[in-house]
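As structure tokens, the structure follows; a few thoughts come after it.
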Amino acid sequence: MPDRPPTGLAGPVPVPYPVPDRFPASAPYDEGMLDVGDGNQIHWAAYGNPAGKPALVVHGGPGSGSSPNAHRLFDPAVYRVVLFDQRGCGRSTPHASDPAADLSVNTTAHLVADMERLRTHLGIDRWLLYGGSWGSTLILAYAEAHPERVTEIVLVAVTTTRRSETAWLYEGVGRFFPEAHERFRAGVDHAEDLVGAYAARMNHPDRAVREKAAADWCAWEDAVLSMEGQGTPYTDRVDDARLGFVRICSHYFAHGAFLEEGALIRDAHRLAGIPGVLIHGRLDMGGPLITAWELARAWPDAELHVVEGTGHLGGDETRRLVMEALARFARDAPPTHRPSHTATPPPPHRTSHTATPPPPSPSPPTAPPPAPAGEPPGESRRPAR
């Protein structure tokens, strides 16, 4: 393990120019369906500058599907932003809500291969990776397999989907929400393996059984987020989107994300030379800060920003840190596509050893509620996970 500072925290880092609250929404300049084999096609869309710095947004879940508003975190004059829906969700086909969709060909290794196929299809040599929660797990898996294809990484609500992390989310954190956890357990007759039991029910031939299991799962997810004051983003999913999400999510979590336990942190040395920014809410009940802390200790070029007073869904301060990181990394865009105010490059990437300053004062009451990490406020409230 490299010699890391005692705090493991990053302090203020210069940014090349002030970032806005968000960039304007726009339509994709290109999109399509990519055949990735095994009868699957994934949907992708590209925003911003076709000749700009390539960046890939990796959504959470697993099984959430992409949010088009994520492109608003990126300066459209500088970045070529690619969004895609992972196998079985969003606009990719076949959709996992259909029990006939084969999940045996939906694993982390398959998704990593799909990302490489998409990169090749789009003619991209290297790209920045941005994502949160499950998206951070998939980004780490990809980057450790293909470090030569990654320029920088920005992660929020950091997870590595170890079995220990899953056990905390679906069992351990229940000590804080005993009533809701009892209902969650009762949904599968108090099975010893809760996640495995839900995964089995999401493959039941009776749609009513699948719908009940999906509703119980989402109710539990919302209970874990309940102290963040952002409503019920999981229960707000409806119909096939909810069924597909829970079927994929329980499938991955029942199998330890198809990863060797602890492998992503163990192999973080493979990320050496790749600048990374990790942003995590101190009050994240579902994904405790310890995972981001351990990753920052193992990744030589990572800096960790802890956001006080926020949880898994993040908020304005989380979004600000993401956009400032993206602005810093914009210095590596082709010179002819940098904004005029970035003509003087910022100092080289470095890890600061000072504590993160406290977040700014809350927004006025008339401001829209904070959105999940990776989405501008006032837009979709889909959680990162």
Side-chain angles (χ1 to χ4, degrees), residues 1-2 4 8 58-64 86-88 103-115 129 131-147 150 153 155-175 181 184-185 188 191-200 202 217 220-221 224 246-272 274 276 278 280 284-300 302 304 312 384-385:
M1 178 180 294
R4 304 294 283 163
V58 183
H59 69 71
S64 288
Q86 295 160 30
R87 292 191 183 201
L103 293 192
S104 72
V105 292
N106 194 332
T107 70
T108 301
H110 286 96
L111 300 187
V112 167
D114 293 350
M115 292 164 67
L129 304 177
S133 196
W134 160 256
S136 61
T137 295
L138 185 53
I139 284 172
L140 292 169
Y142 174 89
E144 290 179 9
H146 304 284
V150 181
I153 296 174
L155 304 180
V156 295
V158 179
T159 70
T160 64
T161 319
R162 290 172 291 189
R163 288 166 178 81
S164 59
E165 294 171 49
T166 299
W168 169 259
L169 176 58
Y170 296 104
E171 298 178 32
V173 76
R175 69 194 65 183
H181 196 245
F184 180 58
R185 294 175 63 241
V188 287
E192 182 176 352
D193 177 5
L194 293 176
V195 174
Y198 272 98
M202 290 310 301
W217 180 283
W220 169 245
E221 296 272 14
V224 176
V246 178
R247 186 172 179 229
I248 293 174
C249 200
S250 59
H251 166 67
Y252 273 79
F253 292 170
H255 293 90
F258 305 93
L259 293 167
E260 183 183 347
E261 183 72 355
L264 296 182
I265 292 178
R266 180 198 67 201
D267 295 337
H269 62 90
R270 296 180 182 174
L271 305 176
I274 301 174
L278 314 179
H280 205 97
D284 189 337
M285 295 292 290
L289 176 60
I290 187 64
T291 296
W293 171 273
E294 291 171 345
L295 179 61
R297 301 275 291 180
W299 181 355
L304 171 61
H312 195 76
R385 184 170 62 250

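Residues: numbered from 1 along the sequence shown.
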Exercise for review: Could you pull out all residues at least two apart from Ala272 that satisfy side-chain contact (heavy atoms from CB on, under 4.5 Å)?
Suggested key: Pro300, Asp301
Review point. Got a sec, which residues hit side-chain contact (heavy atoms from CB on, under 4.5 Å) with Asp193, two or more places apart in sequence or on another chain?
Key: Val195
Review point. How are the rings of Phe184 and Trp217 set to each other: parallel, tilted or perpendicular (split at 30° and 60°)?
Key: perpendicular
Check your understanding: Can you name the side-chain contact (heavy atoms from CB on, under 4.5 Å) partners of Ala141, sequence neighbours left out?
Key -> Thr108, Val112, Leu264
Review point. Pro147 and Ala145: which non-hydrogen atoms are nearest, and at how many Å?
Key: CD-C, 3.4 Å
Practice item. Considering non-hydrogen atoms only, spot the tightest contact between Cys249 and Gly61 and give its length. Key: SG-O, 3.8 Å
Exercise for review: Could I get the full list of ring pair (Phe, Tyr, Trp, His ring centres under 6.0 Å) partners for His146, not counting sequence neighbours?
Suggested key: Tyr142
Review point. With Thr166, which residues qualify under side-chain hydrogen bond (donor to acceptor under 3.5 Å, both in side chains), at least two apart?
Key: none
Point to revise | Nearest heavy-atom neighbours spanning Ala143 and Ile153 | key: CB-CD1, 3.7 Å
Check your understanding: Do the side chains of Ile248 and Gln86 get nearer than 4.5 Å, heavy atoms only?
Key -> no
Review point. What pairs meet the salt bridge (Lys or Arg N to Asp or Glu O under 4.0 Å) rule with one or both residues in residues 256-265, with sequence neighbours excluded?
Key: Arg163-Glu261, Glu260-Arg266
**Study point:** Heavy-atom side-chain proximity of Tyr252 to Trp134 below 4.5 angstrom
**Key:** yes
Practice item. Test Glu221 against Tyr170 for side chain to side chain contact (heavy atoms under 4.5 Å, CB included), laying out the working first. Key: CA-CA 9 Å; Glu221 296 272 14; Tyr170 296 104; 2.6 Å; yes
**Study point:** Arg162: salt bridge (Lys or Arg N to Asp or Glu O under 4.0 Å) partners, not counting sequence neighbours
**Key:** Glu165, Glu294
Point to revise | ring pair (Phe, Tyr, Trp, His ring centres under 6.0 Å) partners for His181, two or more places apart | key: Trp220
Review point. Under the side chain to side chain donor-acceptor pair (under 3.5 Å) criterion, do Thr159 and Thr291 qualify, and how do the steps go?
Key: CA-CA 6 Å; Thr159 70; Thr291 296; over 6 Å; no
Exercise for review: Please round to the nearest 0.5 Å and tell me the distance separating atom NE2 of His251 and atom CG of Asn106.
Suggested key: 5.5 Å
Check your understanding: For the atom pair CG (Leu155) and OG (Ser133), what is the distance rounded to the nearest 0.5 Å?
Key -> 11.0 Å
Practice item. Enter the distance from Thr160:OG1 to Leu259:CG here, rounded to the nearest 0.5 Å. Key: 8.5 Å
Review point. When rounded to the nearest 0.5 angstrom, what is the spacing between NE2 in His280 and CG in Leu304?
Key: 8.5 Å
Point to revise | side chain to side chain contact (heavy atoms under 4.5 Å, CB included) between Val58 and Met115, intermediate numbers included | key: CA-CA 9 Å; Val58 183; Met115 292 164 67; 4.0 Å; yes
Practice item. Applying side chain to side chain contact (heavy atoms under 4.5 Å, CB included), run through Val188 and Leu194 and close with a yes or a no. Key: CA-CA 7 Å; Val188 287; Leu194 293 176; 3.7 Å; yes
Check your understanding: Side chains of Leu140 and Leu271: closer than 4.5 Å at any heavy-atom pair?
Key -> yes
Point to revise | Where Arg247 and Met202 come nearest, the two heavy atoms and their spacing | key: CD-O, 3.6 Å
Check your understanding: For Ala199, which residues count as a side-chain contact (heavy atoms from CB on, under 4.5 Å) partner, sequence neighbours excluded?
Key -> Ser250, Ala254
Exercise for review: Mind checking the CH2-CG spacing from Trp293 to Leu278? Nearest 0.5 Å is all I need.
Suggested key: 12.0 Å
Check your understanding: How long is the gap from OG1 on Thr161 to NE2 on His255, to the nearest 0.5 Å?
Key -> 14.5 Å
